Every structure is written in structure tokens, then in C-alpha cells.
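Scroll down for the structure; my scribbles are underneath it.
Note that ligands are numbered from 1 as they come in the structure, with each ligand's atoms numbered from 1 the same way. Source: prediction; values computed, not measured.
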Amino acid sequence: MADKEKVASRYDMWNSFYDKIDNFPIIGRPQKKWKSQAIESLELSGDERVLDIGTGTGQILTEISSYLDNGKVIGTDISKGMLRRSKRRIEKDGIGEIASVRYDDIENSQFPDNYFDRIIATFTFTTLPNPRKTAEECSRILKKDGKMIVLDTGKPSNKVAFLFFIPMMLSAKLFGRTHMDRDIGEILNSNFDVERINSHMIGMVYTLKCKIKK
Ligand SMILES: C[S@@+](CC[C@H](N)C(=O)[O-])C[C@H]1O[C@@H](n2cnc3c(N)ncnc32)[C@H](O)[C@@H]1O
């Protein structure tokens, strides 16, 4: 099975537990806050076309929709199980006029050039089999004056934090096919000007603001 199919089948398997784990208070509260801050960093004025890469169960679609009057948000994923969940959320939250989801592999996206005003990816870049190809695709489908916000995990520079990080990183690799030690900033750097705009959990979680290189 190719890496991409393995990732998709892992998330297909997890789709019914995903929100339950994420809503667990010790994880859920801070994550919700970080995601809200990432959405605020999109600086939406209301008429943008926004892409949520690897939308999963569509956790951030409702909040993004609340910023959009005439704009649209599209969530994409390669896991059919996750897409089923996000569709249900859109129906339940009554945001179908603004939000939609569809199957799209961001490493080989079906969207045209210069299509999105904003791109957001929360905890997706560490799960992608080929993040460099994704960086290229994002710079292709994002408008030249657009903005991308990436919230994800990474190696902390603090030595004590690193000791806590190692077991988390190894179990995420083993059970989640997630590469918490990936240097996403360095990967995005070939196509984007990247700025780290905040860090949480002693640097284990951070947000990047990315603009296409001129
Ligand atoms: C850790 S989950 C994050 C979900 C959501 N963004 C969140 O914050 O809750 C990563 C998601 O990325 C999706 N994904 C992985 N590779 C992908 C790809 N090449 N294209 C689109 N989505 C992908 C997975 O199927 C999964 O739903």
C-alpha cells in the first residue's frame, strides 16, 4: 500500500474516535484556543475563498464560516471517513451555504492556479507523506497576495521539553503516521516567506504565517 493510502486508511479507522480524543479537556481546551488564534491570524474580511487542508472532521469550518459574509470555505481530505464526519458537521451546524468539503489530495491538488485568498492547515503538515510537494502545490493554488497559516507540532529547542517530546513523537509515528519532528518551517521556506507568530507548550506547538516568495 502506498504511503498516502496508509495515511487515509489510518484516518478512516480513527474517524469515529477523533473528536472524542480531541475533546478530552486536557487536550481539547488548549487545542480549541490555538485553532481559534490560527483562524484569527487569517485576518478575514468576509469575502475570501478559504481552503482548510486536511480538514479531518471539519472542526474549524464552523468558526471560519462565522467570519465569512460572501466568502466560502472548502475543507479537503483524502480520508473518506473523515469527509463523512465533516459533511455531517456542516449539516448539523447549518453552514452549508458557506462551507463545503471534498476529496482532494493536496500533494496533487485539483484546484486551479491562484484560486484561494487564504489557506489554513491545522495539524496536517506533520501527517502528509510528501510535504515538499504540498508546499509547491499550496504556492500554486494560493493567490500571490494570499496568506497561509499553519498550526502544527515540532521539535522544541528547550532540552527539558525535548525529553517529554521524544515519547510523544515516537508514539505519534508508530500509531498515527505523524511526524512531529518534521521541520515544517524549513520545508515551506523554499516557496514561502515564513514567520513563526506564536508558540505553545514550550515550543512543541507553533503557528506559522506564510506569504508566497516574491
Ligand atoms: C491530524 S488530522 C488533522 C485534522 C484537522 N485539520 C484538525 O486539526 O483536527 C490530519 C488530516 O490530514 C489528512 N491528510 C493527510 N494527507 C493528506 C493529503 N495528502 N491531502 C489532504 N488531506 C490529507 C488526514 O486524512 C487527516 O484527516
Q: Look only at the side chain of Asp12 and the backbone of Gly81, and say whether a donor-acceptor pair between them is shorter than 3.5 Å.
A: yes
Per-atom filter on ligand 1: closer than 4.0 angstrom to a heavy atom of Asp105 are 18 (C), 19 (N), 20 (N)
Legend entry - Over-ring placement of Lys155 relative to Phe165, 6.0 Å and 45° cut-offs: no
- Task: Could you tell me whether the side chain of Glu107 and the main chain of Thr134 form a donor-acceptor pair under 3.5 Å?
- Result: no
Does ligand 1 come near enough to Ile106 that some N or O of the ligand is less than 3.5 Å from an N or O of the residue? yes
Counting from 1 in the order shown, the ligand 1 atoms closer than 4.0 Å to a non-hydrogen atom of Thr122 are 3 (C), 5 (C), 6 (N), 7 (C), 8 (O)
One finds that the ligand 1 atoms under 4.0 Å from a non-hydrogen atom of Thr127 are 1 (C), 10 (C), 12 (O), 15 (C)
Indicate yes or no: does Arg49 engage Asp117 in a salt bridge with an N to O separation below 4.0 Å. no
Subject >> Working for side chain to side chain contact (heavy atoms under 4.5 Å, CB included), residues Val150 and Tyr206 >> reply: CA-CA 8 Å; Val150 175; Tyr206 56 82; 5.9 Å; no
When you look at CD of Glu186, are more than 12 heavy atoms from neighbouring residues, nucleotides or ligands closer to it than 6.0 Å?
yes
Q) Does Lys4 reach ligand 1 with a nitrogen or oxygen that is under 3.5 Å from one of the ligand's nitrogen or oxygen atoms? A) no
(Q) Pairs of nitrogen or oxygen atoms closer than 3.5 Å, one from Lys35 and one from ligand 1: do any exist? (A) yes
Near Met82 (heavy-atom distance under 4.0 Å), the atoms of ligand 1 are 27 (O)
For atom 24 (C) of ligand 1, the closest protein heavy atom turns out to be Asp77 OD1, 3.4 Å
Is Glu91 salt-bridged to Arg88, cutoff N-O under 4.0 Å? no
among protein heavy atoms, the one nearest atom 23 (C) of ligand 1 is Ile78 CG1, 3.6 Å
Do Ser36 and Glu63 have a side chain donor and acceptor closer than 3.5 Å?
yes
Quick note on ligand 1: atoms under 4.0 Å from a heavy atom of Phe123 include exactly 1 (C), 2 (S), 3 (C), 8 (O), 10 (C)
Counting heavy atoms under 4.0 Å, the part of Asp104 that contacts ligand 1 is backbone
Would you call Arg10 a ligand 1 contact, heavy-atom distance under 4.0 Å? no
How far apart are the C-alpha atoms of Phe192 and Cys138, what are their side-chain angles, what is the distance that settles it, and do they pass the side chain to side chain contact (heavy atoms under 4.5 Å, CB included) test? CA-CA 10 Å; Phe192 292 90; Cys138 288; 4.0 Å; yes
So, regarding Tyr18 and ligand 1 (criterion: nitrogen or oxygen to nitrogen or oxygen, under 3.5 Å), is there a contact or not? yes
Here the atoms of ligand 1 under 4.0 Å from any heavy atom belonging to Gln59 are 9 (O)
If we number the atoms of ligand 1 from 1 as shown, the ones under 4.0 Å from a heavy atom of Ser79 are 25 (O)
If we number the atoms of ligand 1 from 1 as shown, the ones under 4.0 Å from a heavy atom of Leu128 are 16 (N), 17 (C), 18 (C), 19 (N)
**Message:** Using only atom types and a distance under 3.5 Å, with no angle test, would you say the side chain of Arg118 pairs donor to acceptor with the backbone of Leu42?
**Reply:** yes
If you scan protein heavy atoms around atom 5 (C) of ligand 1, the nearest is Gly54 O, 3.3 Å
Between Asp193 and Lys211, does any NZ, NE, NH1 or NH2 come within less than 4.0 Å of an OD or OE carboxylate oxygen? no
Short version for Thr55: what comes under 4.0 Å of ligand 1, heavy atoms counted, is backbone
